[in-house]
*Asks:* 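The structure is given below, and queries will be raised subsequently.
Everything numeric here is computed off the predicted structure, so don't read it as measured data. Remember, it's 1-based here, ligands and their atoms both numbered in the order they're listed.
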Amino acid sequence: MHFVTRRNLLATTAGLAAAALTPRILVAQAPAPAAAGPFKRDPLPYPANALEPHIDSKTMEIHPERHHAAYVANLNTIAKDHPEIAQKPIPEVLAKLGELPDAIRTPVRNNLGGHANHTMFWQIMGPGGGKPSDDMAAAIDRDLGGLEKLQTDFSAAGLRVFGSGWVFVTVDGAGKLALETRPNQDTPMMDGKRVLLGNDVWEHAYYLSYQNRRADYLKAWWNVVNWGRVGERYAAAKAGTLGV
Ligand SMILES: [Fe+2]
């Protein structure tokens with residue numbers, strides 16, 4: 001015989017309430033839907049676990065499939081009424097935000113900046129990152145004091161970003177490099193510059209493994225920089241063909 005005690009009833013009721021809530025919670029946490037439109041997010045060029053142990057696989061699922069995907073979905077929503085934001089190259093739109101209508105300037109700044117930054121970010125990482133090519137190494141020596149100093153200065157700059165933002169190495173058409181940071185999803189492309197490489201210092205990029213230890217993340221991140229891909233971007237910058 002099964003007796004329903006008050007305690008059982010409460011437990012059952014609580015369980016039902018939790019079950020009723022579960023689908024809503026799952027929906028809220030599900031990947032952002034792939035909104036139809038002109039903006040697309042490329043799949044990662046490596047498996048989500050490829051950057052272990054430096055960047056954990058869960059982060060490499062959530063970060064592209066929810067955070068980056070949300071920027072893309074937002075852009076496609078904006079593009080329904082403002083298709084012009086998809087009709088020019090991304091760096092050109094970002095360099096001319098002032099020409100956009102007031103109502104969409106800040107959303108485009110945040111979401112197109114986020115789309116551009118993350119598109120670059122996935123590209124320039126990979127397992128077994130290698131080392132800079134000879135011409136890249138020469139440029140790093142000339143403009144940034146050598147690889148070791150670049151890594152030290154880059155990490156220090158990333159640590160100084162208050163709140164959320166990015167740390168970048170920019171490159172001009174002559175191959176000159178510079179270290180820069182930006183808040184939020186801003187990018188040097190907003191100033192007409194090009195990005196050679198950059199690291200995301202939003203907490204969503206590292207919190208699961210590193211919690212508040214951004215300095216540890218910044219140091220470990222150098223292990224997953226794909227110098228072969230960075231070298232291709234360097235060559236493209238000097239040829240005037242580097243996009244995001
Ligand atoms: Fe991010």
*Asks:* Strictly by salt bridge (charged side-chain N to carboxylate O under 4.0 Å, His left out), give each pair with a member in residues 76-95 just once, sequence neighbours left out.
*Replies:*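 Residue pairs passing salt bridge (charged side-chain N to carboxylate O under 4.0 Å, His left out), neighbours aside: Glu92-Lys96.
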*Asks:* Quick one: pull up CE in Met120 and CG in Asp200 and give me the separation to the nearest 0.5 Å.
*Replies:*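 Rounded to the nearest 0.5 Å, the CE-CG separation comes to 8.5 Å.
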*Asks:* Restricting to side chain to side chain contact (heavy atoms under 4.5 Å, CB included), what partner residues turn up for Pro45, sequence neighbours left out?
*Replies:*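 Once residues adjacent in sequence are excluded, the partners of Pro45 under the side chain to side chain contact (heavy atoms under 4.5 Å, CB included) criterion are Trp122.
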*Asks:* Let's test this: below 2.8 Å, count the protein N/O/S atoms around the Fe ion (ligand 1).
*Replies:*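 If we list every protein N, O or S atom nearer than 2.8 Å to the Fe ion (ligand 1), we get 4.
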*Asks:* Students often mix this up, so state it plainly: with edges at 30° and 60°, are the rings of His68 and Tyr71 parallel, tilted or perpendicular?
*Replies:*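 Judged by the thresholds at 30° and 60°, the geometry between His68 and Tyr71 is tilted.
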*Asks:* Let me check something: any side-chain donor-acceptor pairs from residues 165-173 under 3.5 Å, sequence neighbours excluded? List them with distances.
*Replies:*
{"from": "Trp166", "atom 1": "NE1", "to": "Gln185", "atom 2": "OE1", "distance (Å)": "2.8"}
{"from": "Thr170", "atom 1": "OG1", "to": "Ala178", "atom 2": "O", "distance (Å)": "3.4"}
{"from": "Thr170", "atom 1": "OG1", "to": "Glu180", "atom 2": "OE2", "distance (Å)": "3.3"}
{"from": "Asp172", "atom 1": "OD1", "to": "Ala174", "atom 2": "N", "distance (Å)": "2.9"}
{"from": "Asp172", "atom 1": "OD1", "to": "Gly175", "atom 2": "N", "distance (Å)": "3.0"}
{"from": "Asp172", "atom 1": "OD1", "to": "Lys176", "atom 2": "N", "distance (Å)": "2.9"}

*Asks:* Which label fits His63 and Phe121: parallel for a plane angle under 30°, tilted from 30 to 60°, or perpendicular past 60°?
*Replies:*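 The arrangement is tilted - the two ring planes meet at 30° to 60°.
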